[in-house]
There are 2 protein chains.
Amino acid sequence: MDDMNGHGNGGGGRLLSERQREHPFIVTEPGEVARGKKNGLDYLFHLYEQCRDFLIQVQTIAKEHGEKCPTKVTNQVFRFAKKAGASYINKPKMRHYVHCYALHCLDEEASNALRRVFKERGENVGAWRHACYKPLVTIAAGQGWDIDAIFNSHPRLSIWYVPTKLRQLCHTERNNATASSSASGGGVDHLPY
Amino acid sequence: MDDMNGHGNGGGGRLLSERQREHPFIVTEPGEVARGKKNGLDYLFHLYEQCRDFLIQVQTIAKEHGEKCPTKVTNQVFRFAKKAGASYINKPKMRHYVHCYALHCLDEEASNALRRVFKERGENVGAWRHACYKPLVTIAAGQGWDIDAIFNSHPRLSIWYVPTKLRQLCHTERNNATASSSASGGGVDHLPY
DNA sequence: AGAAGGACCAGTGGTCCGTA
DNA sequence: AGAAGGACCAGTGGTCCGTA
């Protein structure tokens with residue numbers, strides 16, 4: 001019933017009628033297996049890879065049938081995953097942590113370092129999740145602030161919608177950067193003279 | 001009020017309260033202006049170019065505001081066009097003739113020849129519209145039947161959704177071609193031996 | 001308290017069918 | 001009859017908030 005050793009909820013002797021929610025995530029180091037009724041972050045990221053596999057299956061079927069072919073993980077893909085027995089995958093969860101997965105894809109070293117720091121400090125998942133935004137905004141700053149282009153140019157990330165909050169942070173920070181560079185004579189904004 | 005000389009509905013002395021529907025299309029040769037209360041096919045294709053302009057405006061605004069940026073002519077673009085005063089543009093009409101515009105984009109010579117033949121024969125717009133499917137299916141046959149790739153690789157066509165009926169025709173015809181090549185020993189289908 | 005996810009909602013793609 | 005387009009509908013992207 002489990003997806004990987006030591007991950008996911010144990011099916012154990014539990015009756016189907018009393019199936020529980022997934023165990024909550026805790027901040028784990030890379031390679032670390034969560035103990036007790038918890039799931040680790042490697043498992044979280046593995047769920048994104050599973051969604052990608054389901055998308056590829058949906059795409060293959062769509063092409064065979066001459067139907068329009070999704071390029072993103074859509075409602076259709078979540079429905080397919082559920083039908084295929086992956087009841088632990090759902091849209092609100094996957095959307096909630098997309099930017100964390102993005103950091104893992106775009107700068108695995110930075111992502112790993114952040115995990116170690118937040119585990120060290122005993123921070124909860126919400127705090128770690130929140131901290132994933134800032135390094136992404138920094139990456140965007142170095143790429144002309146185009147977070148859509150950054151997502152689309154990465155093969156495993158391009159199938160995910162850019163989260164609204166990440167988009168807003170990039171936009172706000174770009175305006176701040178432009179205003180300060182303009183004030184100091186940088187002149188990256190329009191009508192610089 | 002008119003969009004181009006000799007095209008669109010005349011505003012004339014008509015009151016705003018009694019604004020009429022657009023004049024119906026008739027089959028015209030390239031460069032020919034429709035006479036009487038009719039619109040020609042150059043005007044039809046011009047509407048697609050106008051939609052493209054409106055999309056580009058919507059995209060520019062979206063990027064300025066750090067919002068998600070449409071890549072296709074969506075409801076949002078039709079709403080924008082209407083708000084900008086292009087009341088003669090609407091979704092059902094544009095969707096109805098997309099494949100005709102596609103032929104115009106992909107093989108203007110073939111499109112022009114078809115217009116001349118159907119004008120010569122005195123056919124109505126519906127007959128011409130129907131006849132636009134077949135040359136497109138032939139083009140798709142020469143490109144691995146991937147009508148989505150054909151649309152997406154053309155800069156002016158890529159902003160339009162592939163019409164359902166065109167997709168279905170390509171799918172059906174691909175299966176027919178595969179079956180006959182299989183029967184004659186071609187073996188393009190899966191499990192050919 | 002912190003977190004997982006059912007379920008809702010505004011606005012979409014798609015096109016039918018009452019209209020002229 | 002042939003054709004233009006208002007308006008509807010099933011299923012979407014997005015995420016809130018009742019739940020555990």
Side-chain angles (χ1 to χ4, degrees), chain A residues 8-9 18-27 34 37-39 41 43-44 47 58 67-68 70-82 86-100 122-130 159-168, chain B residues 8-9 18-27 34 37-39 41 43-44 47 58 67-68 70-82 86-100 122-130 159-168:
Chain A
N9 276 353
E18 47 177 275
R19 187 184 295 280
Q20 302 293 306
R21 294 185 178 193
E22 281 273 282
H23 296 145
F25 292 109
I26 55 164
V27 182
K37 298 199 165 190
K38 300 291 178 184
N39 282 315
L41 300 184
Y43 174 68
L44 171 61
L47 295 182
V58 169
E67 290 161 5
K68 62 186 289 193
T71 58
K72 304 274 189 187
V73 178
T74 60
N75 282 352
Q76 185 188 15
V77 175
F78 287 117
R79 225 181 302 120
F80 182 90
K82 199 131 287 178
S87 61
Y88 46 89
I89 288 177
N90 63 69
K91 181 170 60 165
K93 174 161 64 187
M94 301 314 291
R95 296 265 189 265
H96 194 62
Y97 293 105
V98 168
H99 71 283
C100 307
E123 301 275 11
N124 63 33
V125 163
W128 166 76
R129 176 181 173 274
H130 183 75
I159 65 172
W160 297 96
Y161 291 109
V162 174
T164 304
K165 183 166 177 184
L166 177 59
R167 189 193 302 284
Q168 288 169 340
Chain B
N9 275 352
E18 46 179 276
R19 187 183 294 280
Q20 301 292 305
R21 294 186 177 192
E22 281 274 281
H23 297 145
F25 292 109
I26 55 165
V27 181
K37 299 198 164 189
K38 299 291 177 183
N39 283 314
L41 300 184
Y43 174 68
L44 172 62
L47 295 181
V58 169
E67 290 161 3
K68 62 185 290 193
T71 58
K72 304 275 190 185
V73 178
T74 61
N75 283 350
Q76 185 189 15
V77 175
F78 287 117
R79 226 181 301 121
F80 182 90
K82 199 132 284 178
S87 61
Y88 47 88
I89 288 177
N90 64 69
K91 181 170 60 166
K93 174 162 64 187
M94 301 315 291
R95 295 266 189 263
H96 194 62
Y97 293 106
V98 167
H99 70 284
C100 306
E123 300 276 9
N124 63 32
V125 164
W128 166 76
R129 177 180 173 275
H130 184 75
I159 64 171
W160 297 97
Y161 291 110
V162 174
T164 305
K165 183 166 178 185
L166 177 59
R167 189 194 302 285
Q168 287 170 342

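In what follows, chains carry the letters A, B, and so on, assigned in the order in which the sequence lines appear, proteins first and then strands, with residues in each chain numbered from 1. Below, all heavy atoms of this structure are taken into account, side chains as well, without hydrogens, waters or symmetry copies.
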From CD of B:Gln168 across to P of C:dG14 the rounded distance in Å is 12 Å
Considering every strand and a 4.0 Å limit on heavy-atom distances, what is the contact class for B:Arg129: base, sugar-phosphate, or nothing? nothing
So NZ of B:Lys91 and CG of B:Asn75: to nearest 0.5 Å the spacing works out to 3.5 Å
Between B:Phe25 and B:Tyr97, what is the ring plane arrangement, given parallel below 30°, perpendicular above 60°, and tilted in between? perpendicular
When rounded to the nearest 0.5 angstrom, what is the spacing between CD1 in B:Ile26 and NZ in B:Lys37? 14.5 Å
Categorize B:Phe78 for me: base, sugar-phosphate, or nothing, with a 4.0 angstrom heavy-atom threshold over every strand shown. nothing
Kindly indicate whether the side chain of A:Asn75 and the base of D:dG11 share any N or O donor-acceptor pair separated by less than 3.5 Å? no
A:Arg21, nearest nucleotide to its side chain (from C:dA4, D:dG6, C:dG11): C:dA4
Nucleotide C:dG5, atom C1' - distance to CD of A:Glu22 in whole Å: 11 Å
Please report the closest heavy-atom contact between A:Val27 and A:Glu123, naming both atoms and the distance. CG2-O, 3.7 Å
Would you indicate which nucleotide in C:dG5, D:dA4, C:dG13 comes nearest to any side-chain atom of A:Lys93? C:dG5
d(NE2, A:His96; C1', C:dA4) in whole Å: 9 Å
Can you tell me how far apart NE2 (A:His99) and OG1 (A:Thr164) are? Round to the nearest 0.5 Å. 12.5 Å
B:His23 NE2 - D:dG5 P separation (whole Å): 11 Å
Would one find a side-chain N or O of A:Arg79 under 4.0 angstrom from OP1 or OP2 of D:dG11? no
Pairs: protein N or O with nucleotides 15-17 of chain D N or O, under 3.5 Å:
from, atom 1, to, atom 2, distance (Å)
D:dT15, OP1, A:Thr164, OG1, 3.3

List DNA chain D stems (3 or more consecutive Watson-Crick/G-U pairs, under 3.5 Å)? C:5-10 with D:12-17, C:12-17 with D:5-10
Of all heavy-atom pairs linking B:Tyr88 and B:Lys93, the shortest is O-NZ, 2.7 Å
Which whole-number value in Å describes the distance from A:Met94 CE to D:dG14 P? 15 Å
With A:Tyr43, the side chain to side chain donor-acceptor pair (under 3.5 Å) member among A:Glu22, A:Lys38, A:His23: A:Glu22
Any donor and acceptor pair, going by atom type alone, linking the side chain of B:Arg95 with main-chain N or O of B:Tyr161 inside 3.5 Å? no
For the side chain of B:Lys82, starting at C-beta, report the closest nucleotide among D:dG6, C:dG5, D:dG5. D:dG6
So NZ of A:Lys165 and CD of A:Gln168: to nearest 0.5 Å the spacing works out to 9.0 Å
Atom NE2 of B:His99 and atom C1' of C:dG14: how far apart are they, to the nearest Å? 16 Å
Taking atom P of D:dA3 as reference, at what distance in whole Å does atom CD of B:Gln20 sit? 19 Å
Nearest-Å distance for atom pair CD/P, residues A:Glu123 and C:dA1: 17 Å
Out of C:dA3, C:dT12, C:dG14, whichever nucleotide has its closest atom nearest the side chain of A:Lys68: C:dG14
So, OP1 or OP2 of D:dA3: does either fall under 4.0 Å of a side-chain N or O from B:Tyr97? no
Ignoring hydrogens and angles, tell me if any N or O in the side chain of A:Lys68 forms a donor-acceptor pair with the backbone of B:Val162 under 3.5 Å. no
Please pick, from D:dG13, C:dA4, D:dA3, the nucleotide with the shortest atom-to-atom distance to any side-chain atom of B:Asn124. D:dA3
